[in-house]
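Let me begin by presenting the structure, written as structure tokens, before commenting on it.
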Amino acid sequence: MVSPGVARFKAEIHFNSVAICDKYLDLHDNATALGESFRSTGTDAETRRVARRYAQHMYMMFGLEVDRLEALIRQKCPEFKYIDLEPL
């Protein structure tokens, strides 16, 4: 409790990385696009470029999932004005 009617929520979150990956791959046919990207690589440098881009997308998916959870918490518990979710 920060003040009357205002509370703080802090939690450490363990994400299921497989579920986050599947969620990304299911969006906008990303599985097909990713497969095509990897198949089109011919050099180690090209493969690394595709893998780095994929890693950036996974990183963004974790951020989007944190945002989604924060919005859900705010919706169900509007008294939580300060929400601090820490992915582990």
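The shown structure was predicted, so the numbers you read here are calculated from the model rather than taken from an experiment. For the single chain, residues carry numbers from 1 onward in sequence order.
The two atoms that bring I20 and E65 nearest to each other are CD1-CG, 3.8 Å, heavy atoms only. Heavy atoms only, all atoms of each residue included: F15 and P87 are closest at CE1-CB, 3.7 Å. C21 and Y54 make their closest contact through SG-OH, 2.8 Å (heavy atoms, listed as atom of the first residue, atom of the second, distance).
No side-chain heavy atom of I13 sits under 4.5 Å from any side-chain heavy atom of L88. Contact of the K23 side chain with the M61 side chain is registered, since non-hydrogen atoms from C-beta on lie closer than 4.5 Å. Side-chain contact between I73 and L85 is present, with heavy atoms from C-beta onward closer than 4.5 Å. With contacts defined as side-chain heavy-atom distances shorter than 4.5 Å, the pair R74/I83 qualifies.
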Review point. Passes side-chain contact (heavy atoms from CB on, under 4.5 Å), H57 versus Y24? Steps please.
Key: CA-CA 8 Å; H57 293 165; Y24 168 76; 2.7 Å; yes

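A distance-only check finds a donor-acceptor pair linking the side chain of E46 to the backbone of T43 [under 3.5 Å].
Both L27 and L64 belong to a common hydrophobic cluster when Ile, Leu, Val, Met, Phe, Trp and Tyr are linked at side-chain heavy-atom distances under 4.5 angstrom.
Looking only at atom types and distance, the side chain of S37 has a donor-acceptor partner in the side chain of R53 under 3.5 Å away. A donor-acceptor contact closer than 3.5 angstrom is absent between the side chains of D44 and T47.
For the atom pair CD of E12 and NE2 of H14, the computed distance is 6.5 Å after rounding to the nearest 0.5 Å.
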